[in-house]
Amino acid sequence: MKKHNYSAGPSILPQEVFEKASKAVLDFNNSGLSILEISHRSKDFVAVMDEARALALDLLGLTGKGYQALFLQGGASTAFLMAPYNLMKENGKAAYLDSGTWATAAIKEAKFFGETVIVGSSKEENYNHIPKGYQIPADADYFHCTSNNTIFGTQMKEFPTTNIPVVCDMSSDIFSRDLDFSKFDLIYAGAQKNMGPAGTTLVVVKEEILGKNGRAIPSMLDYTKHIKAESMYNTPPVFSVYVSLLTMQWIKAQGGVAAVEKLNDAKASLLYTEIDRNPLFKGAAAVEDRSNMNVTFLLNNADHTETFDKLWKEAGVSGLPGHRSVGGYRASIYNAMPIESVQVLVDVMKALETKV
Ligand SMILES: Cc1ncc(COP(=O)(O)O)c(C=O)c1O
């Protein structure tokens, strides 16, 4: 039986993407060869990379606006250090919003390169909300934020206006909602949530911010080198890029990011309404900052844990336990999660009321 997969990442992808990907593993484009055994310089794979790069910009509304899309390796964790390497001046400084574990990890890497100014932090409240009312120093080399905090289930609903470059880790909500993406100068996202299998990181960068910090940058960490090589500086993670392309094509066929956002709003609303209605549960994140991707919630009475866990497992739900730093439950309802699966979870939550 196919499970209702609430895993935070690697995570659910559209069923048709799994099917097309499996076909390509056996016979890619009727070539008689697997996608896994052809040269990355072959005409067929170059076409995949070109389309993936163009479609990423298209979905974000950034075509023709001076941006480049890259599919790199090393995960979002490598982007944590590539951002300062490419943007922070020698003896420079960068401003960071500390909204969760991944933001903290990004800050840790930036400290290798220069001063980091933490403009706001919700650490004291175990990151249950997005810090607000912060000032961004105008003399920082860039401002960094995390649009969606996968572990804590919070999501930035607004982004600051500033004259310095804005860098955003969108790993867990890329392609999930329509924003004015031209407000961002550097966006990065590990593929393994809303885009594809683990193994590639989407980087979308405004070219004009690069090459200005005066640092000598090792080739693999230099965005400019990757742009020049059209995202093929070395062997790219071919399968991850291909599956990411299939997912982006699926998003486009749904009507693009705005159409997917509508479905995501409906799914999140269904689940949050039940969390707020059901006296057995409570949400973990501040209401105004609730994530539409990772819904964190707790049982009001820990004695009900065993019964609830049995119920959702019997219903075919998988991947629901929360991250150890928050406890409780986390329902990751990424783009590919059908609303019918969310209804299954809501029904289980309702059923618990009749069992305790
Ligand atoms: C928001 C966010 N940033 C960064 C990361 C780290 O990503 P990676 O494992 O690709 O390095 C994660 C992983 O879950 C994440 O959720």
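Both counts, for ligands and for their atoms, begin at 1 and track the order of listing.
Contacts between Ser77 and ligand 1, counted as non-hydrogen atom pairs separated by less than 4.0 Å, involve both the backbone and the side chain. At a 4.0 Å heavy-atom cut-off, ligand 1 does not touch Asn149 at all.
In this structure, Lys111 has no salt bridge (charged side-chain N to carboxylate O under 4.0 Å, His left out) partners at least two apart in sequence or on a different chain. Scanning for ring-ring contact (aromatic ring centres under 6.0 Å, His included) contacts around Phe181 gives an empty result, with sequence neighbours left out.
Polar contact check, Ala76 against ligand 1: a nitrogen or oxygen pair lies under 3.5 Å apart. Taking only nitrogen or oxygen atoms, main chain and side chain alike, Gln192 reaches within less than 3.5 Å of ligand 1. Polar contact check, Asp169 against ligand 1: a nitrogen or oxygen pair lies under 3.5 Å apart.
Nearest non-hydrogen protein atom to atom 16 (O) of ligand 1 is Thr150 OG1, 2.4 Å. Closest to atom 14 (O) of ligand 1, if we only count protein heavy atoms, is Lys193 NZ, 2.9 Å.
Salt bridge Lys310/Glu306: absent, no basic N to carboxylate O contact under 4.0 Å.
Less than 6.0 angstrom separates the ring centroid of Phe28 from the ring centroid of Tyr242. The distance between the ring centers of Phe159 and Phe184 falls below 6.0 angstrom. For an aromatic pair to be called close, the ring centres must be under 6.0 Å apart, and His144 with Tyr96 satisfies this.
Between the CG atom in Asn148 and the CH2 atom in Trp102 there is a gap of 13.0 Å [rounded to 0.5 Å].
Against a heavy-atom cut-off of under 4.0 Å, Gly75 is close to the following atoms of ligand 1: 10 (O), 11 (O). The contact set between ligand 1 and Asn148, taken as ligand atoms under 4.0 Å from a residue heavy atom, comprises 1 (C). Below 4.0 Å from some heavy atom of Phe80 lie the following atoms of ligand 1, by number and element: 4 (C).
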